[in-house]
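The block underneath contains the structure these notes are about, expressed in structure tokens.
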Amino acid sequence: MQLPPKVTDRAFTRLAEIGAGDSGKALRVAVEGGGCSGFQYDISLDDPTDGDVVFESSDGHERVVIDEVSLPFLSNAVIDFTEELIGARFVIENPNATSSCGCGTSFSM
């Protein structure tokens, strides 16, 4: 059974802080071929399109969208936002990844 990804409150809070919903944008999380481990995440602010799976904050103002092709690669993943000494960024904790590289955006399955 394929479980949908989860989006943390912290990720939605960061989207609100940067005004994504106010500008009509959503956080797009996509999986593409490439990177040093075979697949890579593409995370950007984008307009939702037909066919996207949409995850909304509790108030419905902030959104995260994933295209249908990327969705199986993100089954049961957690989309989060983190602030560390090296910087702040959206991160994906993906239980499907068998290995990943040091940059955190490339993985293999």
Side-chain angles (χ1 to χ4, degrees):
M1 183 167 101
Q2 197 174 56
L3 297 173
K6 299 173 186 78
V7 182
T8 67
D9 289 339
R10 204 169 29 208
F12 283 128
T13 297
R14 181 59 180 157
L15 287 171
E17 289 171 354
I18 62 175
D22 292 337
S23 63
K25 300 289 184 184
L27 182 73
R28 177 170 299 282
V29 178
V31 174
E32 300 176 344
C36 53
S37 295
F39 295 99
Q40 63 187 2
Y41 299 114
D42 181 25
I43 301 172
S44 61
L45 289 180
D46 196 8
D47 296 313
T49 61
D50 290 339
D52 284 340
V53 177
V54 179
F55 301 88
E56 293 185 340
S57 59
S58 59
D59 64 4
H61 192 65
E62 303 303 330
R63 297 170 294 172
V64 173
V65 295
I66 301 172
D67 64 88
E68 292 175 332
V69 173
S70 298
L71 193 60
F73 294 100
L74 296 166
S75 176
N76 206 29
V78 177
I79 301 164
D80 197 5
F81 181 78
T82 184
E83 292 184 77
E84 301 170 352
L85 290 175
I86 59 171
R89 61 189 176 123
F90 288 98
V91 295
I92 313 247
E93 296 172 25
N94 191 342
N96 306 301
T98 56
S99 66
S100 62
C101 68
C103 69
T105 63
S106 182
F107 66 100
S108 62
M109 294 182 82

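Note that the coordinates shown come from a computational prediction; the quantities given were computed from them, not determined experimentally.
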### Query
For N76, does the CG atom have more than 12 heavy-atom neighbours from other residues, nucleotides or ligands under 6.0 Å away?
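More than 12 within 6.0 Å, yes.
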### Query
Hey, is CD on E83 packed in by over 12 heavy atoms from elsewhere, all under 6.0 Å?
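Counting neighbours around CD of E83, 12 or fewer heavy atoms of other residues, nucleotides or ligands fall under 6.0 Å, so no.
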### Task
Decide salt bridge (Lys or Arg N to Asp or Glu O under 4.0 Å) for D47 and K25; before the verdict, give the C-alpha distance in whole Å, the side-chain angles of both, and the deciding distance to 0.1 Å.
CA-CA 5 Å; D47 296 313; K25 300 289 184 184; 3.2 Å; yes
### Message
Checking F12 against D59 for the side-chain contact (heavy atoms from CB on, under 4.5 Å) test, could you report, in this order, the C-alpha distance in whole Å, the side-chain angles of both residues, the deciding distance, and whether it holds?
### Response
CA-CA 10 Å; F12 283 128; D59 64 4; over 6 Å; no
Whether [X] side chain and [Y] backbone form a donor-acceptor pair below 3.5 Å:
X	Y	answer
R63	R28	no
D80	E93	no
S75	L3	yes
S70	V31	yes

### Query
side-chain contact (heavy atoms from CB on, under 4.5 Å) between V64 and L15: does it pass, once the steps are laid out?
CA-CA 9 Å; V64 173; L15 287 171; 4.0 Å; yes
### Query
V65: which other cluster members, linking ILVMFWY side chains closer than 4.5 Å, directly or transitively?
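Grouped by the 4.5 Å side-chain rule, V54 form the rest of the cluster around V65.
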What are the two closest heavy atoms between [X] and [Y], and how far apart are they?
X	Y	answer
A20	L45	CB-CD2, 4.0 Å
I92	A77	CG2-CB, 4.1 Å
I43	F90	CD1-O, 4.0 Å
V7	F55	CG2-CB, 4.0 Å

### Message
Which residues pass the side chain to side chain donor-acceptor pair (under 3.5 Å) test with R14, not counting sequence neighbours?
### Response
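With sequence neighbours excluded, R14 shows a side chain to side chain donor-acceptor pair (under 3.5 Å) to E17, given in chain and number order.
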### Query
Is it the case that one hydrophobic cluster holds both I18 and V29, taking links as side-chain heavy atoms less than 4.5 Å apart, direct or via other members?
yes
